Protein chains: 2
Amino acid sequence: MPAMKPGAVSSPSPSFQPLYQQIKELLTQSLQHGEWHPGETIPSEIDLAARFQVSQGTVRKAIDELAAENILVRRQGKGTFVATHTEETASIFRFLRIRRCDGREEMPESRLLEVRRGKATAEVARALQMKPGEAVVVLIRVLDYSGEPIIYDEITLPSVLFKGLTKAKIDDYLGSMYSLFETQFGVRMIRADERLRAIAADAEVARELRVAPGTPLLSVERIAFTYGDRPVELRRGLCTTRQHCYVNQLS
Amino acid sequence: MPAMKPGAVSSPSPSFQPLYQQIKELLTQSLQHGEWHPGETIPSEIDLAARFQVSQGTVRKAIDELAAENILVRRQGKGTFVATHTEETASIFRFLRIRRCDGREEMPESRLLEVRRGKATAEVARALQMKPGEAVVVLIRVLDYSGEPIIYDEITLPSVLFKGLTKAKIDDYLGSMYSLFETQFGVRMIRADERLRAIAADAEVARELRVAPGTPLLSVERIAFTYGDRPVELRRGLCTTRQHCYVNQLS
DNA sequence: CAGTGGTCTAGACCACATC
DNA sequence: ATGTGGTCTAGACCACTGG
(Lines give C-alpha, C1' and ligand atoms only; values in the text may rest on other atoms or scores of the structure.)
Protein backbone atom coordinates (compact mmCIF):
# COMPACT_ATOMS: atom_id res chain seq x y z
CA MET A 1 0.00 0.00 0.00
CA PRO A 2 2.83 2.45 0.47
CA ALA A 3 3.99 4.53 -2.45
CA MET A 4 6.40 2.80 -4.74
CA LYS A 5 9.72 4.54 -4.52
CA PRO A 6 11.10 5.76 -7.81
CA GLY A 7 14.24 3.72 -7.34
CA ALA A 8 12.13 0.58 -7.29
CA VAL A 9 11.11 1.12 -10.89
CA SER A 10 12.99 -1.45 -12.96
CA SER A 11 13.23 0.20 -16.36
CA PRO A 12 15.14 3.48 -16.49
CA SER A 13 12.44 6.11 -16.72
CA PRO A 14 9.23 5.27 -18.55
CA SER A 15 6.53 7.38 -16.90
CA PHE A 16 8.57 8.28 -13.86
CA GLN A 17 6.53 9.85 -11.07
CA PRO A 18 8.21 11.47 -8.07
CA LEU A 19 7.45 10.08 -4.64
CA TYR A 20 5.93 13.32 -3.40
CA GLN A 21 3.47 13.25 -6.28
CA GLN A 22 2.37 9.80 -5.22
CA ILE A 23 1.96 11.05 -1.65
CA LYS A 24 -0.01 13.99 -2.94
CA GLU A 25 -2.28 11.58 -4.78
CA LEU A 26 -2.80 9.52 -1.64
CA LEU A 27 -3.62 12.62 0.38
CA THR A 28 -6.09 13.74 -2.27
CA GLN A 29 -7.79 10.35 -2.13
CA SER A 30 -8.07 10.53 1.64
CA LEU A 31 -9.69 13.93 1.27
CA GLN A 32 -12.02 12.69 -1.43
CA HIS A 33 -13.07 9.68 0.63
CA GLY A 34 -13.82 11.90 3.58
CA GLU A 35 -11.09 10.72 5.92
CA TRP A 36 -10.68 14.34 6.97
CA HIS A 37 -13.41 16.96 6.72
CA PRO A 38 -13.28 20.63 5.78
CA GLY A 39 -12.01 22.72 8.66
CA GLU A 40 -10.39 19.78 10.43
CA THR A 41 -6.67 19.26 10.80
CA ILE A 42 -4.94 16.44 8.97
CA PRO A 43 -2.23 14.42 10.77
CA SER A 44 1.09 16.12 11.39
CA GLU A 45 3.87 15.88 8.84
CA ILE A 46 5.76 13.51 11.11
CA ASP A 47 2.77 11.20 11.45
CA LEU A 48 2.15 11.22 7.71
CA ALA A 49 5.82 10.56 7.05
CA ALA A 50 5.59 7.51 9.31
CA ARG A 51 2.39 6.36 7.69
CA PHE A 52 3.74 6.55 4.15
CA GLN A 53 7.24 5.43 5.07
CA VAL A 54 8.92 8.48 3.61
CA SER A 55 10.85 11.39 5.03
CA GLN A 56 9.15 14.44 6.46
CA GLY A 57 10.56 16.55 3.63
CA THR A 58 8.75 14.46 1.05
CA VAL A 59 5.43 14.78 2.84
CA ARG A 60 6.15 18.46 3.15
CA LYS A 61 6.53 18.90 -0.56
CA ALA A 62 3.26 17.08 -1.22
CA ILE A 63 1.43 19.26 1.28
CA ASP A 64 3.09 22.38 -0.14
CA GLU A 65 1.51 21.71 -3.51
CA LEU A 66 -1.91 21.03 -2.06
CA ALA A 67 -1.63 24.23 -0.06
CA ALA A 68 -0.66 26.13 -3.21
CA GLU A 69 -3.86 24.81 -4.81
CA ASN A 70 -5.89 26.01 -1.84
CA ILE A 71 -6.91 22.47 -0.99
CA LEU A 72 -5.07 22.50 2.32
CA VAL A 73 -4.18 25.41 4.59
CA ARG A 74 -1.05 25.45 6.70
CA ARG A 75 -0.97 27.25 10.02
CA GLN A 76 2.35 27.42 11.78
CA GLY A 77 2.25 26.02 15.28
CA LYS A 78 -1.29 24.70 14.86
CA GLY A 79 -1.34 22.19 12.06
CA THR A 80 -2.50 21.68 8.49
CA PHE A 81 -6.21 22.09 7.81
CA VAL A 82 -8.60 21.02 5.11
CA ALA A 83 -9.68 24.16 3.28
CA THR A 84 -13.30 25.18 3.68
CA HIS A 85 -15.71 27.64 2.09
CA THR A 86 -17.18 28.31 5.50
CA GLU A 87 -15.37 30.59 7.99
CA GLU A 88 -13.65 33.87 7.36
CA THR A 89 -14.10 36.30 4.50
CA ALA A 90 -10.70 35.66 2.92
CA SER A 91 -11.72 32.25 1.63
CA ILE A 92 -15.11 33.50 0.50
CA PHE A 93 -13.55 35.96 -1.93
CA ARG A 94 -11.62 33.16 -3.59
CA PHE A 95 -14.53 32.45 -5.91
CA LEU A 96 -16.30 35.79 -5.68
CA ARG A 97 -14.60 38.23 -7.99
CA ILE A 98 -17.28 40.88 -8.20
CA ARG A 99 -16.38 43.87 -6.03
CA ARG A 100 -17.38 47.44 -5.62
CA CYS A 101 -15.30 49.59 -7.95
CA ASP A 102 -14.23 51.89 -5.14
CA GLY A 103 -12.47 49.01 -3.49
CA ARG A 104 -14.64 48.76 -0.40
CA GLU A 105 -15.00 45.15 0.57
CA GLU A 106 -18.58 44.21 0.92
CA MET A 107 -20.32 40.87 1.12
CA PRO A 108 -23.45 40.46 -0.94
CA GLU A 109 -26.73 39.09 0.39
CA SER A 110 -28.27 36.18 -1.47
CA ARG A 111 -31.98 36.26 -2.28
CA LEU A 112 -33.28 32.97 -3.67
CA LEU A 113 -36.04 33.43 -6.22
CA GLU A 114 -36.74 29.92 -7.33
CA VAL A 115 -35.72 26.28 -7.17
CA ARG A 116 -36.62 24.34 -10.25
CA ARG A 117 -36.12 20.74 -11.25
CA GLY A 118 -35.53 19.75 -14.83
CA LYS A 119 -33.52 17.72 -17.27
CA ALA A 120 -30.06 18.44 -18.59
CA THR A 121 -30.02 19.98 -22.04
CA ALA A 122 -27.28 18.93 -24.41
CA GLU A 123 -25.27 21.98 -23.47
CA VAL A 124 -25.63 21.42 -19.73
CA ALA A 125 -24.87 17.73 -20.10
CA ARG A 126 -21.65 18.51 -21.92
CA ALA A 127 -20.53 21.02 -19.32
CA LEU A 128 -21.30 18.76 -16.36
CA GLN A 129 -20.30 15.51 -18.06
CA MET A 130 -23.79 14.05 -17.65
CA LYS A 131 -26.09 12.32 -20.10
CA PRO A 132 -28.61 14.60 -21.80
CA GLY A 133 -31.93 14.28 -20.00
CA GLU A 134 -30.48 13.45 -16.59
CA ALA A 135 -32.09 15.26 -13.69
CA VAL A 136 -30.76 18.65 -12.64
CA VAL A 137 -31.71 21.28 -10.06
CA VAL A 138 -31.69 24.90 -11.10
CA LEU A 139 -31.47 27.73 -8.60
CA ILE A 140 -32.28 31.29 -9.53
CA ARG A 141 -31.17 33.98 -7.16
CA VAL A 142 -30.21 37.62 -6.95
CA LEU A 143 -27.22 38.96 -5.05
CA ASP A 144 -27.70 42.31 -3.37
CA TYR A 145 -24.83 44.59 -2.50
CA SER A 146 -25.96 47.17 0.09
CA GLY A 147 -29.53 46.29 -0.72
CA GLU A 148 -29.10 46.94 -4.43
CA PRO A 149 -29.63 44.02 -6.81
CA ILE A 150 -26.36 43.54 -8.70
CA ILE A 151 -26.08 39.94 -9.85
CA TYR A 152 -28.69 37.63 -11.36
CA ASP A 153 -27.46 34.09 -10.83
CA GLU A 154 -28.59 30.85 -12.39
CA ILE A 155 -27.03 27.77 -10.84
CA THR A 156 -27.40 24.31 -12.36
CA LEU A 157 -26.54 21.20 -10.34
CA PRO A 158 -26.77 17.46 -10.99
CA SER A 159 -29.66 16.16 -8.85
CA VAL A 160 -27.77 13.00 -8.00
CA LEU A 161 -25.32 14.91 -5.85
CA PHE A 162 -27.83 17.29 -4.30
CA LYS A 163 -30.74 15.13 -3.23
CA GLY A 164 -33.12 16.90 -0.91
CA LEU A 165 -32.13 20.39 -1.95
CA THR A 166 -35.16 22.60 -1.36
CA LYS A 167 -35.85 26.31 -1.23
CA ALA A 168 -36.55 26.10 2.49
CA LYS A 169 -33.24 24.39 3.14
CA ILE A 170 -31.35 27.11 1.33
CA ASP A 171 -33.32 29.94 2.89
CA ASP A 172 -32.62 28.57 6.36
CA TYR A 173 -28.91 28.31 5.77
CA LEU A 174 -26.58 31.09 6.81
CA GLY A 175 -23.43 31.29 4.77
CA SER A 176 -22.29 31.06 1.19
CA MET A 177 -23.64 28.65 -1.38
CA TYR A 178 -20.43 26.65 -1.47
CA SER A 179 -20.43 26.47 2.30
CA LEU A 180 -23.90 24.96 2.09
CA PHE A 181 -22.88 22.47 -0.59
CA GLU A 182 -19.90 21.46 1.51
CA THR A 183 -21.64 21.04 4.84
CA GLN A 184 -25.02 19.73 3.68
CA PHE A 185 -24.09 17.65 0.65
CA GLY A 186 -20.40 16.90 1.06
CA VAL A 187 -19.63 18.46 -2.31
CA ARG A 188 -16.48 20.55 -2.14
CA MET A 189 -15.58 22.98 -4.88
CA ILE A 190 -11.87 22.91 -5.57
CA ARG A 191 -11.45 25.04 -8.66
CA ALA A 192 -13.46 26.64 -11.42
CA ASP A 193 -13.20 27.78 -15.02
CA GLU A 194 -14.90 31.01 -16.00
CA ARG A 195 -15.80 32.65 -19.29
CA LEU A 196 -16.78 36.29 -19.38
CA ARG A 197 -18.81 38.10 -21.98
CA ALA A 198 -20.81 41.28 -22.33
CA ILE A 199 -24.46 40.83 -23.17
CA ALA A 200 -27.64 42.91 -23.22
CA ALA A 201 -30.15 42.51 -20.38
CA ASP A 202 -33.37 40.76 -21.33
CA ALA A 203 -36.72 41.77 -19.86
CA GLU A 204 -36.74 39.25 -17.01
CA VAL A 205 -33.24 40.01 -15.79
CA ALA A 206 -33.65 43.74 -16.32
CA ARG A 207 -36.66 43.72 -14.02
CA GLU A 208 -34.83 41.90 -11.25
CA LEU A 209 -31.73 44.08 -11.51
CA ARG A 210 -33.83 47.22 -11.94
CA VAL A 211 -32.11 48.35 -15.09
CA ALA A 212 -33.43 49.13 -18.56
CA PRO A 213 -33.77 46.18 -20.91
CA GLY A 214 -30.75 46.17 -23.21
CA THR A 215 -28.39 47.46 -20.55
CA PRO A 216 -24.95 45.89 -20.98
CA LEU A 217 -24.36 43.21 -18.36
CA LEU A 218 -21.28 41.22 -17.52
CA SER A 219 -21.99 37.54 -18.09
CA VAL A 220 -19.88 35.19 -15.99
CA GLU A 221 -20.22 31.52 -16.90
CA ARG A 222 -18.59 29.16 -14.49
CA ILE A 223 -17.97 25.46 -14.35
CA ALA A 224 -16.88 24.43 -10.86
CA PHE A 225 -14.98 21.23 -10.15
CA THR A 226 -14.55 18.97 -7.18
CA TYR A 227 -11.78 16.44 -6.54
CA GLY A 228 -10.55 14.62 -9.58
CA ASP A 229 -11.62 17.44 -11.92
CA ARG A 230 -15.24 16.34 -11.77
CA PRO A 231 -17.51 19.20 -12.89
CA VAL A 232 -20.39 19.57 -10.43
CA GLU A 233 -21.79 23.03 -10.97
CA LEU A 234 -22.69 25.18 -13.93
CA ARG A 235 -23.41 28.79 -13.15
CA ARG A 236 -24.18 31.91 -15.07
CA GLY A 237 -24.09 35.25 -13.33
CA LEU A 238 -25.31 38.43 -14.97
CA CYS A 239 -23.87 41.49 -13.33
CA THR A 240 -24.60 45.18 -13.43
CA THR A 241 -21.27 46.94 -13.68
CA ARG A 242 -22.17 50.53 -13.03
CA GLN A 243 -20.62 50.51 -9.58
CA HIS A 244 -19.19 47.02 -9.53
CA CYS A 245 -16.60 45.12 -11.48
CA TYR A 246 -14.93 41.76 -11.83
CA VAL A 247 -11.36 41.84 -10.56
CA ASN A 248 -8.54 39.60 -11.62
CA GLN A 249 -4.83 39.26 -11.02
CA LEU A 250 -2.52 38.14 -13.80
CA SER A 251 0.91 36.88 -12.96
CA MET B 1 27.08 41.88 0.82
CA PRO B 2 25.92 38.40 1.72
CA ALA B 3 22.49 37.90 3.21
CA MET B 4 22.33 38.19 6.95
CA LYS B 5 21.51 34.81 8.36
CA PRO B 6 18.47 34.68 10.59
CA GLY B 7 20.50 33.32 13.47
CA ALA B 8 22.60 36.46 13.38
CA VAL B 9 19.65 38.59 14.42
CA SER B 10 20.23 39.56 18.02
CA SER B 11 16.72 40.02 19.35
CA PRO B 12 14.50 36.94 19.28
CA SER B 13 12.13 37.57 16.39
CA PRO B 14 11.17 41.14 15.61
CA SER B 15 10.56 41.19 11.86
CA PHE B 16 12.22 37.87 11.16
CA GLN B 17 12.87 37.23 7.48
CA PRO B 18 13.94 33.83 6.21
CA LEU B 19 17.23 33.53 4.41
CA TYR B 20 15.64 32.35 1.18
CA GLN B 21 13.49 35.48 1.13
CA GLN B 22 16.61 37.58 1.36
CA ILE B 23 18.14 35.59 -1.48
CA LYS B 24 14.97 36.05 -3.48
CA GLU B 25 15.23 39.78 -2.93
CA LEU B 26 18.85 39.79 -4.09
CA LEU B 27 17.95 37.83 -7.21
CA THR B 28 15.11 40.23 -7.94
CA GLN B 29 17.50 43.16 -7.64
CA SER B 30 19.94 41.52 -10.02
CA LEU B 31 17.11 41.07 -12.49
CA GLN B 32 15.94 44.62 -12.02
CA HIS B 33 19.45 46.00 -12.53
CA GLY B 34 19.82 44.04 -15.72
CA GLU B 35 22.51 41.62 -14.62
CA TRP B 36 20.66 38.93 -16.55
CA HIS B 37 18.40 39.63 -19.50
CA PRO B 38 15.11 38.03 -20.56
CA GLY B 39 15.69 34.71 -22.24
CA GLU B 40 19.17 34.28 -20.78
CA THR B 41 20.12 31.73 -18.17
CA ILE B 42 21.03 32.80 -14.68
CA PRO B 43 23.95 31.12 -12.88
CA SER B 44 23.44 27.56 -11.71
CA GLU B 45 22.08 26.87 -8.26
CA ILE B 46 25.50 25.71 -7.13
CA ASP B 47 27.15 28.92 -8.32
CA LEU B 48 24.49 31.08 -6.68
CA ALA B 49 24.82 29.10 -3.47
CA ALA B 50 28.54 29.81 -3.49
CA ARG B 51 27.99 33.47 -4.29
CA PHE B 52 25.52 34.01 -1.47
CA GLN B 53 27.25 31.67 0.95
CA VAL B 54 24.19 29.53 1.56
CA SER B 55 23.26 25.97 0.75
CA GLN B 56 21.91 24.95 -2.62
CA GLY B 57 18.57 24.12 -1.02
CA THR B 58 18.13 27.68 0.13
CA VAL B 59 18.85 29.09 -3.31
CA ARG B 60 16.48 26.49 -4.69
CA LYS B 61 13.63 27.68 -2.53
CA ALA B 62 14.21 31.28 -3.58
CA ILE B 63 14.21 30.31 -7.25
CA ASP B 64 11.13 28.14 -6.73
CA GLU B 65 9.15 31.16 -5.64
CA LEU B 66 10.36 33.30 -8.50
CA ALA B 67 9.45 30.51 -10.88
CA ALA B 68 5.99 30.27 -9.32
CA GLU B 69 5.59 33.98 -10.03
CA ASN B 70 6.60 33.44 -13.66
CA ILE B 71 9.65 35.63 -13.22
CA LEU B 72 12.08 32.78 -13.81
CA VAL B 73 11.61 29.57 -15.79
CA ARG B 74 13.31 26.33 -14.83
CA ARG B 75 14.31 23.80 -17.44
CA GLN B 76 15.69 20.53 -16.22
CA GLY B 77 19.10 19.73 -17.61
CA LYS B 78 19.47 23.16 -19.21
CA GLY B 79 19.31 25.80 -16.52
CA THR B 80 17.14 28.54 -15.10
CA PHE B 81 16.05 31.28 -17.48
CA VAL B 82 14.76 34.80 -17.14
CA ALA B 83 11.14 34.77 -18.29
CA THR B 84 10.38 36.65 -21.46
CA HIS B 85 7.33 37.81 -23.37
CA THR B 86 9.08 36.94 -26.61
CA GLU B 87 9.31 33.31 -27.77
CA GLU B 88 6.65 30.64 -27.79
CA THR B 89 2.90 30.99 -27.58
CA ALA B 90 2.53 29.64 -24.05
CA SER B 91 4.03 32.74 -22.47
CA ILE B 92 2.07 35.04 -24.77
CA PHE B 93 -1.25 33.76 -23.46
CA ARG B 94 -0.21 34.59 -19.91
CA PHE B 95 -1.54 38.11 -20.31
CA LEU B 96 -3.93 37.53 -23.18
CA ARG B 97 -7.17 36.11 -21.85
CA ILE B 98 -9.42 36.75 -24.80
CA ARG B 99 -10.01 33.55 -26.76
CA ARG B 100 -12.37 32.21 -29.31
CA CYS B 101 -15.36 30.68 -27.56
CA ASP B 102 -14.99 27.41 -29.45
CA GLY B 103 -11.63 26.89 -27.84
CA ARG B 104 -9.51 27.16 -30.97
CA GLU B 105 -6.26 28.86 -30.07
CA GLU B 106 -5.61 31.75 -32.31
CA MET B 107 -3.22 34.65 -32.07
CA PRO B 108 -4.61 38.08 -32.91
CA GLU B 109 -2.98 40.52 -35.30
CA SER B 110 -2.28 44.01 -33.99
CA ARG B 111 -3.19 47.01 -36.12
CA LEU B 112 -1.88 50.29 -34.73
CA LEU B 113 -4.19 53.21 -35.44
CA GLU B 114 -2.49 56.05 -33.69
CA VAL B 115 0.32 57.14 -31.40
CA ARG B 116 -0.49 60.24 -29.41
CA ARG B 117 1.45 62.21 -26.85
CA GLY B 118 -0.27 63.94 -23.98
CA LYS B 119 -0.34 64.69 -20.31
CA ALA B 120 -1.48 62.44 -17.52
CA THR B 121 -4.95 63.18 -16.27
CA ALA B 122 -5.64 62.86 -12.56
CA GLU B 123 -7.00 59.39 -13.08
CA VAL B 124 -4.05 58.20 -15.18
CA ALA B 125 -1.59 59.76 -12.76
CA ARG B 126 -3.13 57.88 -9.88
CA ALA B 127 -3.06 54.56 -11.70
CA LEU B 128 0.54 54.95 -12.86
CA GLN B 129 1.79 56.70 -9.74
CA MET B 130 2.85 59.77 -11.68
CA LYS B 131 2.21 63.46 -11.13
CA PRO B 132 -0.81 64.87 -12.97
CA GLY B 133 0.39 66.60 -16.13
CA GLU B 134 3.46 64.41 -16.64
CA ALA B 135 4.04 63.28 -20.21
CA VAL B 136 2.43 60.09 -21.42
CA VAL B 137 2.23 58.21 -24.72
CA VAL B 138 -1.09 56.78 -25.80
CA LEU B 139 -1.38 54.00 -28.34
CA ILE B 140 -4.63 53.15 -30.02
CA ARG B 141 -4.85 49.85 -31.79
CA VAL B 142 -7.24 47.16 -32.93
CA LEU B 143 -6.67 43.46 -32.53
CA ASP B 144 -7.96 41.27 -35.33
CA TYR B 145 -8.77 37.61 -34.88
CA SER B 146 -8.93 35.91 -38.29
CA GLY B 147 -9.13 39.30 -39.90
CA GLU B 148 -12.14 40.35 -37.84
CA PRO B 149 -11.70 43.36 -35.53
CA ILE B 150 -12.40 42.12 -32.00
CA ILE B 151 -10.59 44.33 -29.50
CA TYR B 152 -10.17 48.10 -29.41
CA ASP B 153 -7.17 48.82 -27.24
CA GLU B 154 -6.01 52.04 -25.65
CA ILE B 155 -2.59 51.82 -24.03
CA THR B 156 -1.19 54.59 -21.85
CA LEU B 157 2.51 54.66 -20.95
CA PRO B 158 4.74 57.07 -19.04
CA SER B 159 6.89 58.84 -21.63
CA VAL B 160 9.93 58.75 -19.35
CA LEU B 161 10.24 55.00 -19.76
CA PHE B 162 9.40 54.85 -23.44
CA LYS B 163 11.46 57.58 -25.07
CA GLY B 164 11.58 57.28 -28.83
CA LEU B 165 8.43 55.24 -29.15
CA THR B 166 7.00 56.00 -32.58
CA LYS B 167 4.37 54.50 -34.82
CA ALA B 168 7.03 53.40 -37.29
CA LYS B 169 8.98 51.62 -34.60
CA ILE B 170 5.93 49.66 -33.53
CA ASP B 171 4.79 48.87 -37.05
CA ASP B 172 8.23 47.50 -37.87
CA TYR B 173 8.33 45.23 -34.86
CA LEU B 174 7.24 41.63 -35.11
CA GLY B 175 5.93 40.22 -31.87
CA SER B 176 3.73 41.16 -28.99
CA MET B 177 3.56 44.57 -27.36
CA TYR B 178 5.19 43.36 -24.19
CA SER B 179 7.92 41.71 -26.21
CA LEU B 180 8.60 45.07 -27.81
CA PHE B 181 8.62 46.88 -24.46
CA GLU B 182 11.02 44.31 -23.12
CA THR B 183 13.50 44.24 -25.99
CA GLN B 184 13.38 47.89 -27.08
CA PHE B 185 12.86 49.69 -23.80
CA GLY B 186 13.97 47.25 -21.12
CA VAL B 187 10.58 47.45 -19.43
CA ARG B 188 9.45 44.00 -18.30
CA MET B 189 5.89 43.36 -17.26
CA ILE B 190 5.77 41.03 -14.29
CA ARG B 191 2.15 41.04 -13.24
CA ALA B 192 -1.10 42.93 -13.82
CA ASP B 193 -4.38 43.79 -12.15
CA GLU B 194 -7.51 43.78 -14.25
CA ARG B 195 -11.04 45.08 -13.80
CA LEU B 196 -13.80 43.94 -16.08
CA ARG B 197 -17.06 45.64 -16.86
CA ALA B 198 -19.75 45.57 -19.51
CA ILE B 199 -20.29 48.83 -21.35
CA ALA B 200 -22.08 50.04 -24.49
CA ALA B 201 -20.04 50.74 -27.61
CA ASP B 202 -19.69 54.44 -28.51
CA ALA B 203 -19.67 55.63 -32.11
CA GLU B 204 -15.89 55.65 -32.55
CA VAL B 205 -15.33 52.17 -31.15
CA ALA B 206 -18.41 50.77 -32.87
CA ARG B 207 -17.05 51.87 -36.21
CA GLU B 208 -13.67 50.23 -35.66
CA LEU B 209 -15.17 47.00 -34.39
CA ARG B 210 -17.89 47.05 -37.04
CA VAL B 211 -20.74 46.69 -34.60
CA ALA B 212 -23.80 48.81 -33.96
CA PRO B 213 -23.33 51.69 -31.49
CA GLY B 214 -24.67 50.60 -28.12
CA THR B 215 -23.57 46.98 -28.59
CA PRO B 216 -22.46 45.54 -25.25
CA LEU B 217 -18.68 45.29 -25.06
CA LEU B 218 -16.43 43.74 -22.49
CA SER B 219 -14.22 46.43 -20.98
CA VAL B 220 -10.91 45.17 -19.60
CA GLU B 221 -8.93 47.74 -17.67
CA ARG B 222 -5.44 46.70 -16.80
CA ILE B 223 -2.63 48.13 -14.75
CA ALA B 224 0.60 46.27 -15.48
CA PHE B 225 3.54 46.27 -13.10
CA THR B 226 7.26 45.78 -13.42
CA TYR B 227 9.76 44.83 -10.71
CA GLY B 228 9.05 46.27 -7.32
CA ASP B 229 5.34 46.65 -8.05
CA ARG B 230 5.92 49.73 -10.12
CA PRO B 231 2.93 50.39 -12.39
CA VAL B 232 4.12 51.14 -15.92
CA GLU B 233 1.15 50.59 -18.17
CA LEU B 234 -2.51 51.45 -18.11
CA ARG B 235 -4.62 49.74 -20.70
CA ARG B 236 -8.26 49.55 -21.61
CA GLY B 237 -9.46 46.94 -24.03
CA LEU B 238 -12.98 46.91 -25.42
CA CYS B 239 -13.93 43.54 -26.75
CA THR B 240 -16.71 42.18 -28.90
CA THR B 241 -17.88 38.98 -27.25
CA ARG B 242 -20.09 37.47 -29.88
CA GLN B 243 -17.58 34.79 -30.75
CA HIS B 244 -14.92 35.54 -28.19
CA CYS B 245 -14.69 35.58 -24.43
CA TYR B 246 -12.38 36.27 -21.53
CA VAL B 247 -11.29 33.08 -19.82
CA ASN B 248 -10.16 32.73 -16.26
CA GLN B 249 -9.20 29.95 -13.89
CA LEU B 250 -10.12 30.16 -10.22
CA SER B 251 -8.34 27.96 -7.76
C1' DC C 1 6.36 22.96 28.25
C1' DA C 2 5.44 19.93 24.05
C1' DG C 3 3.81 19.81 19.45
C1' DT C 4 3.17 21.97 15.15
C1' DG C 5 4.87 23.90 10.86
C1' DG C 6 9.12 26.61 8.86
C1' DT C 7 14.00 27.06 7.75
C1' DC C 8 18.58 25.50 6.68
C1' DT C 9 22.10 22.29 5.78
C1' DA C 10 24.89 18.51 3.52
C1' DG C 11 25.01 14.80 0.87
C1' DA C 12 23.41 11.13 -2.22
C1' DC C 13 21.30 9.97 -6.17
C1' DC C 14 18.11 10.51 -10.44
C1' DA C 15 16.45 12.64 -14.87
C1' DC C 16 17.49 15.44 -18.62
C1' DA C 17 20.29 17.98 -22.05
C1' DT C 18 24.50 18.61 -24.35
C1' DC C 19 28.87 17.70 -26.02
C1' DA D 1 31.20 12.34 -19.55
C1' DT D 2 29.68 16.53 -17.58
C1' DG D 3 26.65 19.90 -15.88
C1' DT D 4 22.04 21.26 -15.11
C1' DG D 5 17.79 21.03 -12.38
C1' DG D 6 14.80 17.49 -9.57
C1' DT D 7 14.12 14.25 -5.78
C1' DC D 8 14.88 12.26 -1.33
C1' DT D 9 16.88 11.80 3.09
C1' DA D 10 18.28 12.83 8.00
C1' DG D 11 19.09 15.89 11.30
C1' DA D 12 19.47 20.36 13.62
C1' DC D 13 17.40 24.31 14.94
C1' DC D 14 13.81 28.26 14.81
C1' DA D 15 9.06 30.36 15.15
C1' DC D 16 4.50 29.94 16.55
C1' DT D 17 0.53 28.06 19.32
C1' DG D 18 -1.67 26.43 23.23
C1' DG D 19 -2.02 24.05 27.54
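Throughout, a chain's letter reflects where its sequence line sits, starting with A, and its residues are numbered from 1. Computed from a predicted model, the values in this text were never measured in an experiment.
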Chemist: In the structure I gave you, are the side-chain heavy atoms of A/M177 and A/L139 within less than 4.5 Å of one another anywhere?
Modeler: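 In contact.
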Chemist: Could you tell me whether the side chain of A/Y145 and the main chain of A/I98 form a donor-acceptor pair under 3.5 Å?
Modeler: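 Answer holds: yes.
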Chemist: Could you check whether any side-chain heavy atom of A/R230 comes within less than 4.5 Å of a side-chain heavy atom of A/L161, counting everything from C-beta outward?
Modeler: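 In short, these two side chains touch, coming nearer than 4.5 Å.
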Chemist: D/dC16, OP1 or OP2 - any side-chain N/O from A/R75 closer than 4.0 Å?
Modeler: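 Checking D/dC16 against A/R75, no side-chain N or O comes under 4.0 Å of OP1 or OP2.
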Chemist: State plainly whether the residues B/R222 and B/E194 are in salt-bridge range, i.e. N to O under 4.0 Å.
Modeler: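 Yes, this pair counts.
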Chemist: Measure CG/B/L72 against P/D/dG5 and give the value in whole Å, please.
Modeler: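 Atom-to-atom, B/L72 to D/dG5, this comes out as 11 Å.
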Chemist: Output the rounded distance in Å from CD (A/Q76) to P (C/dT4).
Modeler: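 Value for this atom pair: 14 Å.
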Chemist: To the nearest Å, give me how far apart CG (B/L48) and P (C/dT9) are.
Modeler: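 After rounding, the gap between these two atoms is 14 Å.
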Chemist: Does a side-chain N or O of A/K78 approach OP1 or OP2 of D/dG18 to a distance below 4.0 Å, or not?
Modeler: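 So the side chain of A/K78 is within the cut-off, an N or O lying under 4.0 Å from OP1 or OP2 of D/dG18.
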Chemist: Under 4.0 Å, heavy atom to any atom of DNA chain D: which of residues 57-71 of chain A qualify?
Modeler: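 Hits under 4.0 Å, by residue number: A/T58, A/K61.
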Chemist: Should the pair A/Y178 and A/F181 be assigned to parallel (<30°), tilted (30 to 60°) or perpendicular (>60°) ring geometry?
Modeler: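 Tilted: the ring planes of A/Y178 and A/F181 meet at 30° to 60°.
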Chemist: Return whichever of B/R74 or A/S55 has its heavy-atom-nearest nucleotide of DNA chain D closer to the 5' end.
Modeler: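 Nearest-nucleotide comparison on DNA chain D picks B/R74.
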Chemist: Is there a donor-acceptor contact under 3.5 Å linking the side chains of B/N248 and A/Y246?
Modeler: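 There is such a pair (donor and acceptor under 3.5 Å, judged by atom type) between the side chains of B/N248 and A/Y246.
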Chemist: Below 4.5 Å, heavy atoms only, C-beta onward: do B/E221 and B/I223 meet side chain to side chain?
Modeler: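 No - every pair of side-chain heavy atoms lies 4.5 Å or more apart.
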Chemist: How would you label the contact of A/T80 with the nucleic acid (heavy atoms, under 4.0 Å): base, sugar-phosphate, or nothing?
Modeler: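 Result for A/T80 = sugar-phosphate.
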Chemist: Expressed as a whole number of angstroms, how long is the span from A/Q56:CD to D/dT9:C1'?
Modeler: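 Result: 11 Å.
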Chemist: Whole angstrom is fine here: how far is it from CD in B/Q53 over to P in C/dC8?
Modeler: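 So the two atoms are 15 Å apart, to the nearest Å.
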Chemist: Between P on C/dT7 and CG on B/L19, what's the gap in Å once rounded to a whole number?
Modeler: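 My rounded result for the distance is 11 Å.
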Chemist: May I have the distance from A/D47 (atom CG) to C/dT4 (atom P), rounded to whole angstrom?
Modeler: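 The distance from CG of A/D47 to P of C/dT4 comes to 6 Å, rounded to the nearest Å.
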Chemist: Respond yes when some side-chain nitrogen or oxygen of B/S44 is under 4.0 Å from OP1 or OP2 of D/dT4, and no when none is.
Modeler: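 For D/dT4, OP1/OP2 do have a side-chain N/O of B/S44 under 4.0 Å.
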Chemist: Quickly work out the A/I46 CD1 to C/dG3 C1' distance and round it to whole Å.
Modeler: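 Those two atoms, CD1 and C1', are 8 Å apart.
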